[in-house]
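Count residues from 1 along the sequence.
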Amino acid sequence: MAVLKVNANPSSINEWNLFGHPSAAPAVPTLLTYTPITSEAIEGLPTSVTNVKLVVLRYNTTTNKYSSIKEWNLFGEDHATAPAAPLNLTAVGGDKKVTLSWSAVNNTTSYTIKRSLTAGGPYTVLTTISTATTSYIDSAVTNGTTYYYVVTADNATGSSADSNEASAMPSGTEEPQEPPVENEGTRALLRIMLMTGEMKEYDVSMSVVDAFIGWYELRASGTGPITFAIDKSSNNIGPFVNRKDYIIFDKIITFEVNAYNVNTGSSSEL
C-alpha cells in the first residue's frame, strides 16, 4: 500500500487505519495508524504495507469540520505475479519428431519449452513461443532416443515453475531402397497398350523411356500435361520435317519397356 490523498483541512482528520488479514483469530491486526499532514497533496506512507483487508478513516470530532472533507483516495501498487505452471503436458513420438501439448495458462505472454536427455533434468531451453498456441513440434530429434520435456509460462514479472515432465521416443521405419537394376540397356522397345486395343511400339533411347515414366507418374498424381510426345523422326517416311506421336494419359491401359544394348543385342524387360 503506497499513498493517501485527503482533500480537506488536515485537522479534520484525526487518523486513518489499515487493517490486515487476521494472523491469529479472532484478532484482526492493525497494520498501520497514520495521521495526514498536508491537505490536497499525495503523502507517501512511512513504511510499505501489504495484505490490507480494511481501511478506516476516523474524523476529528473536536474540530467539527466534517463538511470540509470532500474526498480521500487510497492508492496501492500493482503487485503483479508470475503465472502458474502449465498443466497436462504430453509428449507423443513420431518419425523424427516429438509433438508436445499442454493446457493454457492465464496471465501469460509466452511459453518456454525445455528438453533433457535425462529424466528430471537438467533441461536446456529449446525455444520460446507465443501464447497463441499450446503445442509445439520438436523436429531436432533422433529416432530411438528418449527425450524429456517441461514447459514454463512467462510474463513481464517472471516465469512459472516447471510443468509436469513428459517424455517420448521418436521412431519410424526407413523407406526401403529399391535394388539397383542391372544391365538397364542403352535403348528400349517401349510398348504402350491403348484403350482402343491398339498397341503402340517405339524404339527409343533409355532417356526417352525415363522421361515417359516420369511424365506418367506425375500425371497419375494429378499434375503435369495430359499428353506425352514421342519423336518418330528416325522412322521418317516421306517429305516430313517432323513426326511425333502424342500419347494421351487417359487412353493408356498399360505399357512395358524392353531394354537392350546396341552392341550385344541382349535385352531385359522392365
Exercise. Linking I/L/V/M/F/W/Y whenever any side-chain heavy atoms sit under 4.5 Å apart, do Ile247 and Met195 land together?
Worked result: no

Exercise. So, the side chain of Ser160 versus the backbone of Ala153: is there a donor-acceptor pair under 3.5 Å, distance only?
Worked result: yes

For this session: Indicate if Tyr216 and Ile226 have the same hydrophobic cluster label, given that clusters are the connected sets of ILVMFWY residues with side-chain heavy-atom separations under 4.5 angstrom.
Result: no

For this session: State the OG1-OH distance between Thr118 and Tyr123, to the nearest 0.5 angstrom.
Result: 9.5 Å

Exercise. Does Asp203 reach the side chain of Tyr260, with side-chain heavy atoms less than 4.5 Å apart?
Worked result: yes

For this session: Would you kindly confirm whether Val98 and Ile129 end up in one hydrophobic cluster when ILVMFWY residues are joined by side chain heavy atoms under 4.5 Å apart?
Result: yes

Problem set entry | Interatomic distance, Glu198 atom CD to Ile253 atom CD1 [nearest 0.5 angstrom] | 11.0 Å

Exercise. With a 4.5 Å limit on heavy-atom distance, are the side chains of Leu190 and Val257 in contact?
Worked result: yes

Exercise. Partners of Phe228 by ring pair (Phe, Tyr, Trp, His ring centres under 6.0 Å), sequence neighbours excluded?
Worked result: Phe212, Trp215

Seminar exercise, completed: Rounded to the nearest 0.5 Å, the OH atom of Tyr111 sits from the OG1 atom of Thr133 at a distance of 9.0 Å

Exercise. What's the spacing between Ile248 CD1 and Leu194 CG if we round to 0.5 Å?
Worked result: 9.0 Å

Exercise. Is there a path from Tyr202 to Val208 through hydrophobic residues (I, L, V, M, F, W, Y) whose side chains come within less than 4.5 Å of each other?
Worked result: yes

Exercise. Thr146 side chain to Met169 main-chain N or O, any donor-acceptor pair under 3.5 Å?
Worked result: no

For this session: Output yes when a side-chain donor or acceptor of Ser163 lies under 3.5 Å from a complementary backbone atom of Val151, and no otherwise.
Result: yes

Exercise. So, the side chain of Asn107 versus the backbone of Asn155: is there a donor-acceptor pair under 3.5 Å, distance only?
Worked result: no

For this session: Might you point out which heavy atoms bring Gly224 and Arg219 nearest each other, and give the distance in Å?
Result: O-NH1, 2.6 Å

Exercise. Do you know which two heavy atoms are closest between Ala168 and Gly93, and how far apart they sit?
Worked result: CB-N, 3.7 Å

Problem set entry | Residue pairs fulfilling salt bridge (Lys or Arg N to Asp or Glu O under 4.0 Å) with at least one residue in residues 109-125, sequence neighbours excluded | Lys114-Asp162, Arg115-Asp138

Seminar exercise, completed: Here the pair of heavy atoms bringing Ala82 nearest to Ser159 is CB-O, 3.9 Å

Problem set entry | For the student: nearest non-hydrogen atoms of Ala161 and Thr152, plus distance | O-CG2, 3.9 Å

Problem set entry | For Asn143 against Lys96, the heavy-atom pair lying closest together | OD1-N, 2.8 Å

Problem set entry | Shortest non-hydrogen contact from Pro83 toward Asn106 | CB-O, 3.9 Å

For this session: Would you indicate whether the side-chain heavy atoms of Leu89 and Glu165 approach each other to under 4.5 Å?
Result: no

For this session: State yes or no: do Met199 and Ile230 share one hydrophobic cluster built from I, L, V, M, F, W and Y residues joined by side-chain heavy-atom distances below 4.5 Å, directly or via other members?
Result: no

For this session: Compare all side-chain heavy atoms of Ile192 with those of Ile252 and state whether any distance is below 4.5 angstrom.
Result: yes

Problem set entry | Rounded distance (nearest 0.5 Å) linking atom CH2 of Trp102 with atom CD1 of Ile113 | 4.0 Å

Exercise. Any side-chain heavy atom of Lys251 within less than 4.5 Å of one from Thr196?
Worked result: no

Exercise. Under the ring pair (Phe, Tyr, Trp, His ring centres under 6.0 Å) rule, what pairs show up with a residue in residues 132-151, not counting sequence neighbours?
Worked result: none

Exercise. Can you tell me how far the CD1 atom of Ile137 sits from the OG atom of Ser101, to the nearest 0.5 Å?
Worked result: 10.5 Å

